[in-house]
Amino acid sequence: MSEQAVQLNRVSKKFGSVVAVNDVSLSIADGEFFSLLGPSGCGKTTTLRLIAGFELPTRGEVYIGQDLQGETPPYRRPVNTVFQNYALFPHMTISRNVGFGLEMRKLPRDEIQRRVSEALDMVQLPGMGERKPSQLSGGQQQRVALARALVNQPKVLLLDEPLGALDLKLRKAMQLELKALQHRIGITFVYVTHDQEEALTMSDRIAVMNGGRVLQIGTPEEIYERPANRFVADFIGETNFLEGQVTAGRPGEATVQVEDSLTIPVSADKAVGKRDVVTVAIRPEKISLHAEPPDDRAVAGVIEEVIYTGTDTRYLVRIGEQTIVTVRQQNVGVGEGASFLKGASIYLHWRLQSARLLTA
Amino acid sequence: MEIQPRSRRETRRLIFLIAPSLFWLLVFFLFPLVLVLAISFGQRGTYGGVEWSLSLQNYRRFFDPLYLRIFGRTLLIALTTTVICLVTGYPLAYFIATRPPRWRNGLLLLLMIPFWTNFLIRTYAWLLLLRDQGLINMLWTGGLHNALLWLSNTVPLPVWGRLLEATSTSLSLFGTNGAIIVGLVYGWLPDMVLPCYAAIERLDHSLVEAAQDLYANRVQSFLRVILPLTMSGVVAGSVLVFIPSLGAYVTPDLLGGAKSVMMGNVIYSQFMSARDYPFGAAISFVLMTVMLVGTLIYFRLGTES
């Protein structure tokens, strides 16, 4: 792994009696696109503000590069922020906004001019320099905010839900553009979002947060395919949770009794003992439906509901007495309708490693 | 879409709605103003009445060095008052506006409470504080002097002599320009704080954070972001303090004694004791013109930046 850009070492932040960030440790590599993902109030924005220096940690250490930040004020930290509402200075032109940081660092006037126009070119707003922020659309303001931060060539760029105010189409386009830009300039991005799809699309690694704690850090694939606990599995994507007791276990495979007459096969990468109470997580798209049992691990069920959602068809299938699982099938064909009808008796099948045992 | 001509009914309704304020402005503002303007071109009658004429003699008389000096002092006092109100009121407004929301109204209330008392009584209170036998001088020649006396006996140092001498006689606070300024600042401070507070409270705090994120230290973020974006409050507050200070009458009358006089007192004495209505009216008009022109220039400067 390359050099670290940001490191948090057991950082906590309290506001009065409220613990906003609770014993968070993470290390972000140089050039990485790192996302802090979680529901609102999970502490992700506070974590970002701790790196920027707008908040000082109650306990723990914040490093930027190799330097311990301590009580260093924001204006002496080698990071820049793209704010959620852009926070463009309304009384300055776009050029003055973008050049503000360089002006504060007392760079020569002609260099400021050159770098500002380069930055505006980079975010595809050439020739907009003389306008005021209020004359720009939301998407354009967002680009100006980005240019204003990047023109300073910070060690780390901090982004606080920068796409939150844009409409869906523009947001999707900006996600790819931001990712490409980050790849091109090689600056470390720390990106705060509550949108799991956004985090999965853009990030090299994601830290999933809840209640001020980091629950899991990993690549998008690791987070999605191997969630560390129930919260992560539930927050990222859609998941069927089945609770039950382990009836048989051997390395790599176990069976879990969900109901009296319903046992399901699961993979177990950690040791589980007989009679342990566990939660099994299975993603809806990992389950296939069959008219005949493909092998002896298939689970019988009855289709309760068929929901057509465009790209997919969702089936709500009852297995056992009262357990309902969601199954998603991509609509590959055109106008063929659902493969199975409501009320049909079918068999569910999944690969062993798709059914994950969660302990919490 | 085409613009529809206003219907007759709507026009009637509009006239009905503005009629009360129009009536008020005409009868209680415009008519007296024209009357005063007319009087200012007249001449004082032998027994104090007004002899109507069209002479500029009263305006010429204003440029007498005696009145110019008073006018200059009035201008200086009003400007000083405004500046002091600004440099004390703005930080106070900033402090209140940056407290947690539940504190703000309470703090503003504390600022307003003294002003529930009659203005005259509050000015009299300053008289009791500032006069030669007032509270401040009692502490100066009494408490402080005695304390110094005791100190000089306990710890002999060469500085005591000077200080003892200074505290042995009372300070002449009353009847000075300073006393008037104190009274005016006290009287008009809330008029500075409230518009500044309104502007600062409206300021998006993330802009200040953005400035600091972009390497502006506290002074720079104040000068480059906070101040320009709250200029509307500064302009409004300054005008609200400057205008009544320029026309002040009660405060200089009570705290200025006989030595210190402002234009307001000259106007008063022209109307009430000298019975020279035309000259009083002329001074009033000059003062009003100065206020109007000054305010316009100030607004222009304030909104440009």
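Sequence lines set the chain letters: A, B, ... in the order given, protein chains first and strands last, and positions in each chain run from 1.
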A:R105, CZ: over 12 other non-hydrogen atoms inside 6.0 angstrom: yes
Evaluate whether atom CZ of B:R122 has more than 12 neighbouring non-hydrogen atoms of other residues, nucleotides or ligands under 6.0 angstrom away. yes
Within 6.0 Å of CZ in B:R13, more than 12 heavy atoms from elsewhere: no
Region of A:L102 that comes under 4.5 Å of a non-hydrogen atom in chain B: neither
Counting only heavy atoms not in A:R131, do more than 12 fall under 6.0 Å of its CZ? no
Applying a heavy-atom distance below 4.5 Å, give me the residues of residues 41-71 of chain A that approach chain B, sorted by number. A:R49, A:F54
Part of residues 196-227 of chain B lying next to chain A, heavy-atom separation under 4.5 Å: B:D204, B:S206, B:L207, B:E209, B:A210, B:A211, B:Q212, B:D213, B:L214, B:Y215, B:A216, B:N217, B:R218, B:Q220, B:R224, B:V225
Checking heavy atoms, do the side chain of A:E103, its backbone, both or neither come under 4.5 Å from chain B? side chain
